[in-house]
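Reviewing the structure listed below.
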Amino acid sequence: MPIVQLKRESICYAVHNPGDTRSVLLIHGSGGSHQHWPEQIGTIDAPVYIPDLPGHGRSGGSSRSDVSAYADVIEELVEKLELAKVVLGGHSLGGAIAQAIALRAPAWLDGIILVGTGSRLRVLPEILDGLLSDQKGTIGLIGQMLFGPDASDDLKAFAERIALDTPVQVTHDDFSACNRFDVSERLGEIRCPTLILSGDADLLTPVKYGKFLEQGIAGSRLAVIEGAGHMMGLEKPEIFVAEIQRFLEQDIGKS
Ligand code: COA
């Protein structure tokens, strides 16, 4: 995986179809890494960049406990990679980061894709407090809430391995950042084309959160993925990638 040096840390990222056309940059969720996005994402007809946030996966540096601090890192990364036009996608915490950047409206931002996320992301105290007192038990609890009914045992085991490989303080910082996040009153300020993806079996960020985003962001479109839980991209990769491709062609292509 390529590495880029930012002011405070080195950031590792996966890349598919590199080129200098409009790019898609995807931000993973709490305690995750680039591995939270499905391999099939490489079939999208655009350059796709998938970084590990600081302190996660193979990136250096340390995690942040504030969404706007992560937004600073992503903005610095886009500038360092010299990406002129970007559609920013984010899953869960990553979706909060994408909303924070959309509110800043940098010139390079062409649209956002909000996956399994909300404008407010309060976290169950059993998760937030439990991570520090009982990491394994709490990862188990989160694991029970991550998936819809069709997820395989292999997929669940894969997600658990990523969760246990992430230092517990990093995951706790991420959930703390989510717990503080609330841009519900500011959604009307988001002006870029927006796709919202929700899983109808998502227990962590229910469809209700997606509907609230759709009502608040003018011109946005919600697509509900049936039978999918919070990890909808890994659970239903073909439908997930097709929705993103459709957004790029129909909503972004004409913008
Ligand atoms: N979009 C739309 N509605 C939202 C929302 C969002 N982003 N966030 C909260 N709400 C709604 C809730 O559904 C609730 O509606 P209700 O009164 O009709 O039931 C209301 O706003 C208040 O909810 P909340 O602010 O979350 O406070 P709470 O004290 O009721 O619940 C939790 C706190 C942590 C129990 C709850 O937020 C929850 O179950 N969260 C999901 C699990 C989780 O930890 N997710 C992790 C996200 S990263």
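All ligand and atom numbering here is 1-based and tracks the order in the structure. Residue numbers run from 1 in the order of the sequence given.
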Within-cutoff protein neighbour (heavy atom, under 4.0 Å) for atom 20 (C) of ligand 1: no
N/O donor-acceptor pair under 3.5 Å between Y49 side chain and Y13 backbone: no
Under 3.5 Å: donor-acceptor pair, side chain of H91, backbone of L26: no
Pair K211 + E214, salt bridge at N-O below 4.0 Å: no
Ring geometry between F240 and W37 (parallel below 30°, tilted from 30 to 60°, perpendicular above 60°): tilted
Minimum non-hydrogen distance to atom 15 (O) of ligand 1, winning option of K211, K208, H230, R120: K208
Atoms in ligand 1 flagged as close to F212, the criterion being non-hydrogen separation under 4.0 Å: 1 (N), 2 (C)
Check: V123 N/O within less than 3.5 Å of ligand 1 N/O: no
Atom 24 (P) of ligand 1 touched by protein (heavy atom, under 4.0 Å): yes
Heavy atom of protein closer than 4.0 angstrom to atom 31 (O) of ligand 1: no
Enumerated ligand 1 atoms positioned under 4.0 Å from heavy atoms of S119: 7 (N)
N/O separation below 3.5 Å, T205 to ligand 1: no
Geometric class of the H28/H56 ring pair [parallel <30°, tilted 30-60°, perpendicular >60°]: tilted
Side-chain donor-acceptor pair present, S184, D182, cut-off under 3.5 Å: yes
Donor-acceptor contact present, side-chain R180 to main-chain S65, <3.5 Å: yes
For atom 41 (C) of ligand 1, the protein heavy atom that lies nearest, with its residue and separation: L204 O, 3.5 Å
Sub-4.0 Å protein heavy atom next to atom 28 (P) of ligand 1: no
Side-chain donor/acceptor of N17 to backbone N/O of A46, under 3.5 Å: yes
Nitrogen or oxygen atoms of M145 and ligand 1 under 3.5 Å apart: no
Atom 35 (C) of ligand 1: nearest protein contact (heavy atom, Å): L124 CD2, 3.6 Å
Distance (rounded to the nearest 0.5 Å) between I11 CD1 and L53 CG: 7.0 Å
Minimum-distance protein heavy atom relative to atom 40 (N) of ligand 1: R122 O, 3.4 Å
Side chain T166, main chain G31, donor-acceptor under 3.5 Å: yes
Winner among Y209, F175, F181 once heavy atoms are compared against atom 10 (N) of ligand 1: Y209
Top protein contact for atom 48 (S) of ligand 1, by heavy-atom distance: C178 SG, 3.9 Å
